[in-house]
Structures are given as structure tokens and as C-alpha cells.
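No experiment lies behind these values; they were computed from the predicted model shown. Just so we're on the same page: letters track the sequence lines, and every chain starts at 1.
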Amino acid sequence: MKNKGIHEIVKERKTEEKGLVDLPHVEGEVVLRFAPNPSGPLHIGHARAAFLNHEYFKRYGGKLILRLEDTDPRRVDPKAYQMIEEDLTWLGVKWDEKIIQSNRINLYHQYAEKLIELGQAYMCTCPGDEFKRLKDQSQACTCRDLSINDNLKLWKEMPFMSEGEAVLRVKTDINHKNPAIRDWVAMRIVDFEHPRIGTQYNVYPMMNFAVTVDDHLQGITHVLRGKDHLANSEKQKYLYHHFGWTVPEFIHYGRLKMEDVALSTSQARKGINDGVYTGWDDPHLGTLRAVSKRGIRKEALEELMLEIGVKIADTTITWKKIYGLNRNVLEEEANRYFAVFHPRKVVIKYLPGSFKGVIKRLKHPDFPDRGYRMLPFDGIVYLDQIDLNNNENKVLRLMDSVNIIFKDGGITFHSSSLEDARKFNAQIVQWVPATSSIDVELVMPDNSILKGLAESSIEELKPNDVVQLERVGFARLDEIQPKRKFYFAHK
RNA sequence: GCUCCGGUAGUGUAGUCCGGCCAAUCAUGUCGGCCUUUCGAGCCGAUGACUCGGGUUCGAAUCCCGGCCGGAGCACCA
């Protein structure tokens, strides 16, 4: 600990600049958890929790636990368990331990019983609305006065009752100024088959109960969660006190709003079922698989999330911000290619034969060692119709090739040098050789598809490669069969 | 309605705890210049913010009070 390496110092300063604050009350190592509900794949909001936990885990050392919170059988998508792990892997977040709550129902039963024995929980058979009426007036229902033995007896009978007949409530403070905190439900009956564990249980813990038991048992030191859990943290503290457990450090961050995107899993699922979206990776969605398909890199998301940090104030993420960060990642990696998406075949008239030949162009201007693309040029090319429309009667330069002029519906050779192009203020555009073009599709963020033509060098690309289609923008190659299909990322 | 919590440039963020070094940081965006056979990148420059009103103080983004605006929760969901 005497000499910090230069890397450590640089890293320290960097995180300071990023503004990710230190965790409060860290003693040695930390134990953190990422605890999603397996109702669907992860979205950008989850990425925040995942990255933050991961970052703190890396900063302090300790343990990061993945916990699947599937205690509501109705809100479980059996496919989600797998998808969540895939998504986390894509994010580069590794976990030391995985816990599935539906494997632990028995354990929650034991703690529930213990709580009854402690006299801190009671079986409540009031109808929900009746309890709420009383609770809102700070009045206890009669169930609250049941003896421990009566409670135990009812508890044993609970599995034989049906949904809604009874719940187990945690005693808090019936006079608590926030009605939401008063005597919350710990266990309830669910008559619904659990997608993972079937019908072996019908008495399930509520999130607040299961979370508290697990956080304690797993020795979680710091709980990072959204501010929508503010009241839950307050509720959970009562349980910690009843059991005599140490309360972890709760840190609440604000809501994340995503420009133009419905982040909620339930809305996405509905849209998929209704056919509005093509699937979990539909470009409209804010799921990680959707943004990944569009060529957004996890590095960009990570930088964004660490910058946003754990502030409790809400934040609005704009796509421009993500694109800006992503461009920094992609710029270096993406090789350049020509493609046009409103192709118009033109024959250049009066082209001197000396200009025909093969044009060499760097794959990446900053990395000459990546080599060249070869573009055969014989005077017959595809240009973008929009470029032509915008340049009627003006000189236009085909990149690395010749200058032309579009006049009276025809294209004529004008000159050849870049100097001439500059002199005539020519716009410089990309082009595709007509003799060796390849059909491509470009899926836009609104899921519309542009059909176009690209230079033949794109044949060397593999699915998942990200390129820069010059003057069009960055795009990720998704598949090459039956046709080369790109997803547009951003300019 | 009740309970709780926020409000720094277009957006995100640092600074707020322990008032002065803040005529306020960095990122992204936008605009301009240079460079460059495109766009982008790079380099240089510009742009633009402490929600409002009082108070305390020699001094307030920072402390206090009030207003305004915004958010979260008020489930037998997580």
C-alpha cells in the first residue's frame, strides 16, 4: 500500500473526473448484488444498476451476486433467466454467485415462522380494502392482537387456504406518518403455477421480505436501488430490527428517462405480442439486445452510466449523448465503405479513357496498415439520387475519382483534380461501381428498411462487424444471408 | 389528497455535507476555424447554467424560510 502504481493513480483521477462518488461506510471489501426480476431481458435501466454495482465491486473488491427475484409466479418469463445472463455477459459484468429466489421459498417460510415466534408478524385475514381503510386511519385490525400461538396455528393452515384469504403481515408502526410503511405484507398465497418450480408452493414471500432475508444472509453491505424503492427500504428496516440484523447501506438513485423509448418490460412485451415490435431486439426498444443490434457498444453505455452515477435526481438520457459516446468507440474500429441508398445508375459521358481503372482507398484513414479497398471505375456508377438532386448544374466530385457535372438530366465528365473540385466548390460524394455492386439493406432506428447498393469489398465483412458507410453513418452488419443486412447506428 | 425527495448550460455531470480559492468542472451537442480527397475523427476557438423571492453573513450555487416546477411512493408487483 506504500507505492501506488501509476495506473492506480490515473484510474483514481479518472473516476473522480467521472464523478462516481465513493460508497459511504466501506469497511474493507463490499458485497453487492444485482437483482432483477426475470420478466424479460435487460434494458438500459438495468445496465445502470449492473454497471454501478460492478464498478464499485471493482473499486473495493469483495463480491457481486446475481440474484433472480422471481417470487411472483405471474411475473416470470422462463426465458428471462437465460436472457439476463446473456445480457450481463454482453455488458462485461461478471458475478461471483447466482441466487434464484424460487429455490429458496422454504427458507423464507422458516424466517416467516421465526418472525411470528418473535411476535413481530401476524396472520391477517381481513379483506385488503378493509385493512387499507383502517390502516389509512392509523388503526390496527383485530388480527394484530392475535396471540403468537394463534398466529402459528393460522400460519400452518395457510397452505390450505386460497388466494386472498390471508396474508402474513410484519408489524411496523401503525402510527407511522407514511401510511405505506404501516404493517406491510410479508407472505401471501398465490394460486398460480410458477414457471420454474411449478405448484409445490402456494405461499410466497413478498419482495420486501425475500429481499431482506437474502440481503442479510448474503451479507450485502451496500444496496443500490432506484428511488422508487425509498419506501421499501424504510419498510425493510423494520424487519432488520425485528431480527436484530445489521442494516446495510441503502443508496437510492433517480429515475432514468430515455428519450423516445418505452423502457418498461411490460410495455415492450405487449408491443411484441401485438405485433408492433418484431421482438425483444426491435430497434424501437431500449433493451440491451436492441441497442446492441444497432451497433451501440457497451463501452459507451458504461461511460454514460458511470457519469450519471447514483444521484437521486432524475435524469433524461438523449440518444445524441449515447451516439456521441458510441462514436468515440466506433470511430477507431469501423472501417470505411461506400454505399448508396437511393441508387441511381449513371453513365459519365465524355470520360477520358485514362481515368478508367481501379481506385484504391484506405479502409481507415488513420490506420493505413489495415489496407485498401479496390473500386473498379469505368465511368458507370451508382450515385445517390439525393446527391444528384442537390447538385443540379453543379460540379460534383466522386471521391478519389473524377469531377462530374449533372446537367439537363445527363452526367458529363468535368475535370479530375481535387483542386478543380475545390475551385468549383464541388460536393464530394461516395459512389458504387455499377459493375460490381452488392445489394444491401439498412434497418433504421424506426425499423424501416432502406434498400441500397454497396461496393463489393463489403463481402469481406462478417456479421457483427461495425463499419462506417461513408457519408451515411455507422452501421452494424447483422447477417449476410439471404442479403447483407445492416442496422443503422448513427451518423 | 397523504408521505417523502429533488431542481447547476440543450442533455448528462463536478462543486453543495465543512460558505470565500466558483466571473462555476468535464462530457455530449451546437456553431466557427485549421487540417483532411467525404462524413467523422483530430487540433484550436466559441456557445451556454447555479428555479424564483426573501433572510443570515463582510461574503451564498453552497446555510435558513417561503413560492414555483418536477419526481417517487401510497399493492396480497418487483
Length of the CZ-P vector between A:Phe338 and B:U37, whole Å: 14 Å

Position toward the 5' end of RNA chain B (nearest nucleotide), A:Ile322 or A:Lys491: A:Ile322

Separation of the P atoms in B:C44 and B:A27, to the nearest angstrom: 11 Å

Whole-Å distance separating the CG atom of A:Asn326 from the C1' atom of B:A41: 14 Å

Donor on one side chain, acceptor on other, A:His229 and A:Asn232, under 3.5 Å: yes

Set of side-chain contact (heavy atoms from CB on, under 4.5 Å) partners for A:Thr316, sequence neighbours left out: A:Lys257

Close side-chain approach of A:Leu388 to A:Val346, heavy-atom, < 4.5 Å: yes

Whole-Å gap separating P (B:G29) and NZ (A:Lys320): 9 Å

Distance, rounded to the nearest Å, where A:His414 contributes NE2 and B:U37 contributes P: 21 Å

Donor-acceptor contact present, side-chain A:Asn37 to main-chain A:Glu69, <3.5 Å: yes

Residue A:Lys311, side-chain atoms from C-beta onward, closest of B:C39, B:U13, B:A78: B:U13

Distance, P atom - from B:C39 to B:C31, rounded to whole angstrom: 13 Å

Note: A:Lys135-A:Asp183 ion pair, threshold 4.0 Å (strictly below): no

Polar side-chain atom of A:Arg361 near backbone of A:Tyr372 as donor-acceptor pair, under 3.5 Å: no

Sugar-phosphate only, base, or nothing, as touched by A:Asn232 at under 4.0 Å among non-hydrogen atoms: base

Residue A:Lys177, side-chain heavy atoms: nucleotide from B:C4, B:A78, B:A41 that is nearest: B:C4

Exam field: side chain A:Arg269 to backbone A:Ser39, donor-acceptor pair closer than 3.5 Å: yes

From B:U3, B:A78, B:U11, nucleotide with atom closest to A:Lys321 side chain: B:U11

Rounded distance in Å - CG (A:Asp214) to C1' (B:A78): 14 Å

Per A:Asn328 side chain, nearest of listed nucleotides B:U38, B:U28, B:G7: B:U28

A:Thr71 side-chain N/O to B:A78 phosphate OP1/OP2 under 4.0 Å: yes

Geometric class of the A:Phe424/A:His414 ring pair [parallel <30°, tilted 30-60°, perpendicular >60°]: perpendicular

Geometric class of the A:His242/A:Tyr238 ring pair [parallel <30°, tilted 30-60°, perpendicular >60°]: tilted

Geometric class of the A:Tyr201/A:Tyr204 ring pair [parallel <30°, tilted 30-60°, perpendicular >60°]: perpendicular

Minimum-distance nucleotide (side-chain atoms of A:Glu69 versus B:U38, B:U11, B:A78): B:A78

Separation of the C1' atoms in B:G66 and B:C76, to the nearest angstrom: 42 Å

Strand RNA chain B in bracket notation, Watson-Crick/G-U under 3.5 Å with | for pairs to another chain: (((((((..(((.......[.....)))((((((.......))))))...(((((..]....))))))))))))....

A:Tyr122 versus A:Asp150, side-chain donor and acceptor atoms under 3.5 Å: no

Sugar-phosphate only, base, or nothing, as touched by A:Glu331 at under 4.0 Å among non-hydrogen atoms: base

Length of the CZ-C1' vector between A:Arg471 and B:A41, whole Å: 17 Å

Nearest-Å distance for atom pair CZ/P, residues A:Phe250 and B:C4: 19 Å

Spacing of A:Arg336 atom CZ relative to B:A41 atom C1', expressed in whole Å: 7 Å

Under 4.0 Å protein heavy-atom contacts per nucleotide of nucleotides 65-76 of chain B, with B for base, S for backbone only and - for none: ------SSSSSB

Sugar-phosphate only, base, or nothing, as touched by A:Asp400 at under 4.0 Å among non-hydrogen atoms: base

Side-chain donor/acceptor contact of A:Glu307 with base of B:G12 under 3.5 Å: yes

